[in-house]
Amino acid sequence: MRVSAGLAFLLLVALMAFIGPDPIFIVIAVLLLAGLVLTRWKTRIGALVILLPSVVLLVFGGPNLPFAVNNPIAVIDVTSALFFLVTVLAIVNVVAIIATLTEGFLPPLRSPRGSLVLAILAILFVVAIGGLGTAARLGFTSANASAGDTRLEMKDFKFSNESLDVNGPAIVYLTNSDPTTHTFTIEGSVNQVVPANSSARVGLNLKPGQYKYICAV
């Protein structure tokens, strides 16, 4: 618990070094640090303090884990990688804290072997997603725009245009100017992943009508 909480604290600090100070992340980091200090004298009280920010991180980042599993390329940039690692550590924190608070009820998990198994599983998961993401990123080549393309930029975590008007089959040229991966997603039709500081072209051949596009990240 102390190791995973300490690593989560350090990664949050590193994350804010890239994206800038964030009030929520600052509060989470302070609570993690306070919990770590308290565990030196009152283990269970410290565990409870660590539990709150860990649950917040898990609720905030947990929904992105299935996306990362299906699209490993999404974790191959500094910001996304740090947040991915923080979310995995939040899961480890929650499991370790439950084991700490229920001491005597979960002896296998409280044993050194149980802790080692949990750590190994977390490391294998991170290495597997990281390896798949690296392979996908190496195989990705930024596209160049062509005449007639409809342009759409992703910057500051929003689209440059709230709506696009296209006639018939069309090509949308996507530019991601953010330091994290984004997607151009139309549910049931299109899901184009665009890594950080990259570009891609995606074809649209939809029936006439209105369609909502989002970033799934």
*Kindly determine whether Ile91 and Leu65 satisfy side-chain contact (heavy atoms from CB on, under 4.5 Å), including the steps that lead there.*
CA-CA 11 Å; Ile91 296 174; Leu65 285 182; 3.5 Å; yes
*For side-chain contact (heavy atoms from CB on, under 4.5 Å), just list the numbers for Val13 and Leu15, CA-CA rounded to whole Å, side-chain angles, deciding distance to a tenth of an Å, and then say yes or no.*
CA-CA 5 Å; Val13 173; Leu15 182 60; over 6 Å; no
*Verdict with reasoning, Leu206 to Ile186, per side-chain contact (heavy atoms from CB on, under 4.5 Å)*: CA-CA 10 Å; Leu206 305 170; Ile186 298 175; 4.0 Å; yes
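One distance of note links CD of Gln192 with OG1 of Thr185; it measures 9.0 Å at 0.5 Å rounding.
With a 4.5 Å cut-off on side-chain heavy atoms, Thr150 and Leu204 do not count as touching.
Applying the ring pair (Phe, Tyr, Trp, His ring centres under 6.0 Å) rule to pairs touching residues 188-209 yields nothing, sequence neighbours excluded. Within the structure, salt bridge (Lys or Arg N to Asp or Glu O under 4.0 Å) pairs that include any residue of residues 180-206 comprise Asp149-Arg201 (at least two apart or interchain). The side chain to side chain donor-acceptor pair (under 3.5 Å) analysis of residues 32-42, with sequence neighbours excluded, yields the pairs Arg2-Thr39. Within the structure, the side chain to side chain donor-acceptor pair (under 3.5 Å) test picks out the following pairs touching residues 73-97 (sequence neighbours left out): Ser4-Asn93, Ser54-Asn93, Asp77-Ser80, Asp77-Thr181, Ser80-Thr180.
Val190 is not connected to Ile171 by any chain of hydrophobic side-chain contacts under 4.5 Å among Ile, Leu, Val, Met, Phe, Trp and Tyr, and they are in different clusters. Leu58 is connected to Phe83 through a chain of hydrophobic side-chain contacts under 4.5 Å among Ile, Leu, Val, Met, Phe, Trp and Tyr, so both are in one cluster. When hydrophobic clusters are built by joining Ile, Leu, Val, Met, Phe, Trp and Tyr residues whose side-chain heavy atoms come closer than 4.5 Å, directly or via intermediates, Val193 is not grouped with Met154. Hydrophobic clustering of Ile, Leu, Val, Met, Phe, Trp and Tyr side chains at less than 4.5 Å, counting indirect connections, unites Val69 with Leu57. Under a hydrophobic clustering in which Ile, Leu, Val, Met, Phe, Trp and Tyr are joined whenever their side-chain heavy atoms come within less than 4.5 Å, directly or via other members, Ile123 and Leu82 fall into different clusters.
Here Val217 pairs with Phe67, Thr183, Cys215 under the side-chain contact (heavy atoms from CB on, under 4.5 Å) rule; sequence neighbours left out. Tyr211 meets the ring pair (Phe, Tyr, Trp, His ring centres under 6.0 Å) test with no other residue; sequence neighbours excluded. For Val3, the side-chain contact (heavy atoms from CB on, under 4.5 Å) partners are Leu7, not counting sequence neighbours. For the ring pair (Phe, Tyr, Trp, His ring centres under 6.0 Å) test, no residue two or more places apart in sequence or in another chain qualifies with Phe18.
Of all heavy-atom pairs between Pro63 and Pro66, the closest is O-CD, 3.2 Å. Smallest separation of non-hydrogen atoms from Leu36 and Gly6: CD1-CA, 3.7 Å. Of all heavy-atom pairs spanning Val194 and Ala200, the tightest one is CG2-CB, 4.2 Å.
When Ile97, Ile98, Val92 are each tested for a side chain to side chain contact (heavy atoms under 4.5 Å, CB included) with Val94, only one passes: Ile98. If you run side chain to side chain contact (heavy atoms under 4.5 Å, CB included) between Phe84 and each of Leu11, Asn64, Leu89, Val75, only Val75 comes through.
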Quiz: residues 124-147 side-chain donor-acceptor pairs under 3.5 angstrom, not counting sequence neighbours:
| residue | atom | partner | partner atom | Å |
| --- | --- | --- | --- | --- |
| Thr134 | OG1 | Gly130 | O | 2.8 |
| Arg137 | NH2 | Ser198 | OG | 3.0 |
| Ser142 | OG | Ser199 | N | 3.4 |

Below 3.5 Å, can you tabulate the donor-acceptor pairs from side chains in residues 21-32 to any protein atom, sequence neighbours excluded?
| residue | atom | partner | partner atom | Å |
| --- | --- | --- | --- | --- |
| Asp22 | OD1 | Ile24 | N | 3.0 |
| Asp22 | OD1 | Phe25 | N | 3.1 |

Side-chain donor-acceptor contacts of residues 159-170 below 3.5 Å, not counting sequence neighbours, with atom names and distances?
| residue | atom | partner | partner atom | Å |
| --- | --- | --- | --- | --- |
| Ser160 | OG | Glu153 | N | 2.9 |
| Ser160 | OG | Glu153 | O | 3.4 |

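Note on ring orientation: taking the six-membered ring where Trp is involved, the planes of Phe184 and Tyr213 are tilted (angle from 30° to 60°).
Under a 4.5 Å side-chain heavy-atom cut-off, the cluster of Ile, Leu, Val, Met, Phe, Trp and Tyr residues that includes Tyr173 has no other member.
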